[in-house]
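Notes follow the structure.
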Amino acid sequence: MKVTFQGNPLTLKGTQVKVGDMAPDFTVVDNDLNPLKLSDTKGKRVFLTVPSLDTPVCDMEVKKFNQEATKLDENVTIYTVSMDLPFAQGRWCGGAGIDRVKTVSDYKDREFGNNYGVYINELGLLSRAVFVVDENNKVVYVEYLEEITNEPNYDKALEALK
């Protein structure tokens, strides 16, 4: 898949997932520096990958999903995965009033980025993508954005949770 940043081509490392695949396992780090694996998550899950929470589009995207989370079933959890350090993620969430989306970092092992095919080789960041995983760890929705400065299709991602 061709991915660009402001029109400039980038190389994604790893294996891209498709609807119908079993969600690949991963280890990321939560805001308290504890490891979090796929097996630690339950119910329906949305995994948003973003380049950095400190950028305008990422900020807007996470705030939108945080707002929409209040309307979702209680067995739905939304995670934002980035390469931002856990300390920065925690500070950003507090400042942005984020209370329904959990932020986790892939800075340590880059497992999420590689296992989901979103690690940007040239930048050392994650590309923008949305993955919806059901309670049986089956991938039911995937969106890899071709231009990482664009916003995802919120409606389609949220529809996949119903």
Side-chain angles (χ1 to χ4, degrees), residues 3 14 16-107 111-113 115-119 125-162:
V3 173
Q16 293 189 342
V17 299
K18 298 173 193 64
V19 170
D21 288 353
M22 293 307 290
D25 199 9
F26 58 82
T27 301
V28 291
V29 179
D30 71 15
N31 291 348
D32 294 321
L33 298 176
N34 297 310
L36 179 84
K37 297 176 177 282
L38 179 66
S39 59
D40 297 325
T41 68
K42 304 285 182 239
K44 293 180 182 175
R45 288 135 302 160
V46 179
F47 295 100
L48 312 170
T49 58
V50 300
S52 175
L53 293 169
D54 283 326
T55 61
V57 177
C58 300
D59 177 270
M60 190 170 26
E61 176 183 344
V62 177
K63 286 177 180 174
K64 171 81 172 168
F65 274 103
N66 189 69
Q67 177 185 358
E68 291 297 325
T70 63
K71 305 171 192 169
L72 298 174
D73 187 282
E74 63 184 33
N75 82 338
V76 174
T77 308
I78 301 174
Y79 297 88
T80 297
V81 186
S82 73
M83 297 297 281
D84 295 311
L85 293 176
F87 315 109
Q89 289 179 336
R91 183 178 63 250
W92 180 86
C93 287
I98 301 300
D99 57 355
R100 298 294 303 260
V101 173
K102 298 178 183 209
T103 54
V104 293
S105 179
D106 201 25
Y107 86 97
E111 270 189 33
F112 195 99
N115 294 355
Y116 286 75
V118 292
Y119 183 78
L125 299 172
L126 301 181
S127 183
R128 188 175 318 284
V130 178
F131 306 94
V132 177
V133 177
D134 73 9
E135 53 279 323
N136 299 310
N137 291 335
K138 184 177 175 184
V139 177
V140 296
Y141 177 81
V142 174
E143 181 184 13
Y144 289 93
L145 280 87
E146 290 183 12
E147 169 56 53
I148 63 172
T149 60
N150 291 341
E151 291 179 73
N153 188 324
Y154 301 106
D155 294 336
K156 282 188 177 180
L158 294 167
E159 184 63 33
L161 292 165
K162 296 179 179 164

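Because the structure is a prediction, the values reported are computed rather than measured.
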Is there a donor-acceptor pair closer than 3.5 Å between any side-chain N or O of [X] and the backbone N or O of [Y]?
{"X": "Asp30", "Y": "Asn34", "result": "yes"}
{"X": "Asp73", "Y": "Asn75", "result": "yes"}
{"X": "Asp21", "Y": "Val139", "result": "no"}
{"X": "Asp106", "Y": "Glu111", "result": "yes"}
{"X": "Asn115", "Y": "Gly14", "result": "no"}
{"X": "Thr49", "Y": "Ala129", "result": "yes"}

Test item: [X] and [Y] side chains (from C-beta on) under 4.5 Å apart, heavy atoms:
{"X": "Val28", "Y": "Pro35", "result": "no"}
{"X": "Thr70", "Y": "Arg100", "result": "yes"}
{"X": "Thr80", "Y": "Lys102", "result": "no"}
{"X": "Phe26", "Y": "Pro24", "result": "no"}
{"X": "Tyr154", "Y": "Glu61", "result": "yes"}
{"X": "Trp92", "Y": "Asp54", "result": "yes"}
{"X": "Val118", "Y": "Phe131", "result": "yes"}

Are a donor atom and an acceptor atom from the side chains of Thr103 and Asn31 found within less than 3.5 Å of each other? yes

Under a 3.5 Å cutoff, is there a donor and acceptor pairing between the side chains of Gln89 and Ser105? no

Test ring pair (Phe, Tyr, Trp, His ring centres under 6.0 Å) on Tyr144 and Tyr116; report intermediate values, then the result. CA-CA 10 Å; Tyr144 289 93; Tyr116 286 75; 8.8 Å; no

Phe47 and Phe112: ring pair (Phe, Tyr, Trp, His ring centres under 6.0 Å), yes or no, with the steps? CA-CA 10 Å; Phe47 295 100; Phe112 195 99; 5.7 Å; yes

Which pair of non-hydrogen atoms, one from [X] and one from [Y], has the smallest distance, and what is that distance?
{"X": "Cys58", "Y": "Val50", "answer": "SG-CB, 3.5 Å"}
{"X": "Ile98", "Y": "Asn66", "answer": "CG2-OD1, 3.6 Å"}
{"X": "Leu145", "Y": "Ser127", "answer": "O-OG, 4.3 Å"}
{"X": "Tyr107", "Y": "Met83", "answer": "CB-O, 3.6 Å"}
{"X": "Leu33", "Y": "Phe87", "answer": "CD1-CZ, 3.9 Å"}
{"X": "Val130", "Y": "Ala157", "answer": "CG1-CB, 3.9 Å"}

Kindly determine whether Val142 and Val17 satisfy side-chain contact (heavy atoms from CB on, under 4.5 Å), including the steps that lead there. CA-CA 8 Å; Val142 174; Val17 299; 4.1 Å; yes

[X] [atom1] to [Y] [atom2] distance, which is reported to the nearest 0.5 Å:
{"X": "Thr55", "Y": "Ile148", "atom1": "OG1", "atom2": "CD1", "answer": "8.5 Å"}
{"X": "Leu48", "Y": "Leu126", "atom1": "CG", "atom2": "CG", "answer": "11.5 Å"}
{"X": "Leu38", "Y": "Asp25", "atom1": "CG", "atom2": "CG", "answer": "5.5 Å"}
{"X": "Asp59", "Y": "Lys64", "atom1": "CG", "atom2": "NZ", "answer": "14.0 Å"}

Taking only Lys NZ, Arg NE, NH1 and NH2, and the carboxylate oxygens of Asp or Glu, determine whether Glu68 and Lys71 approach each other closer than 4.0 Å. yes

So, are Glu151 and Arg128 salt-bridged, with charged N and O less than 4.0 Å apart?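 The answer is no: the pair does not qualify as a salt bridge.
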
So does Glu146 have more than 12 non-hydrogen atoms from other groups sitting under 6.0 Å from CD? no

Step by step, work out the side-chain contact (heavy atoms from CB on, under 4.5 Å) result for Asn150 and Val57. CA-CA 7 Å; Asn150 291 341; Val57 177; over 6 Å; no

Run through Asp134, Val133, Val46, Asn153 and flag the one making a side-chain contact (heavy atoms from CB on, under 4.5 Å) with Tyr141.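 Option passing the side-chain contact (heavy atoms from CB on, under 4.5 Å) with Tyr141: Asn153.
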
Tested for side-chain contact (heavy atoms from CB on, under 4.5 Å) against Arg45, the lone hit among Leu161, Asn137, Val132, Val76 is Asn137

Might you work through the side-chain contact (heavy atoms from CB on, under 4.5 Å) test for Leu72 and Ile78, ending with a clear yes or no? CA-CA 10 Å; Leu72 298 174; Ile78 301 174; 4.0 Å; yes

Apply side-chain contact (heavy atoms from CB on, under 4.5 Å) to the pair Thr77 and Thr41, showing each step before the final yes or no. CA-CA 8 Å; Thr77 308; Thr41 68; over 6 Å; no

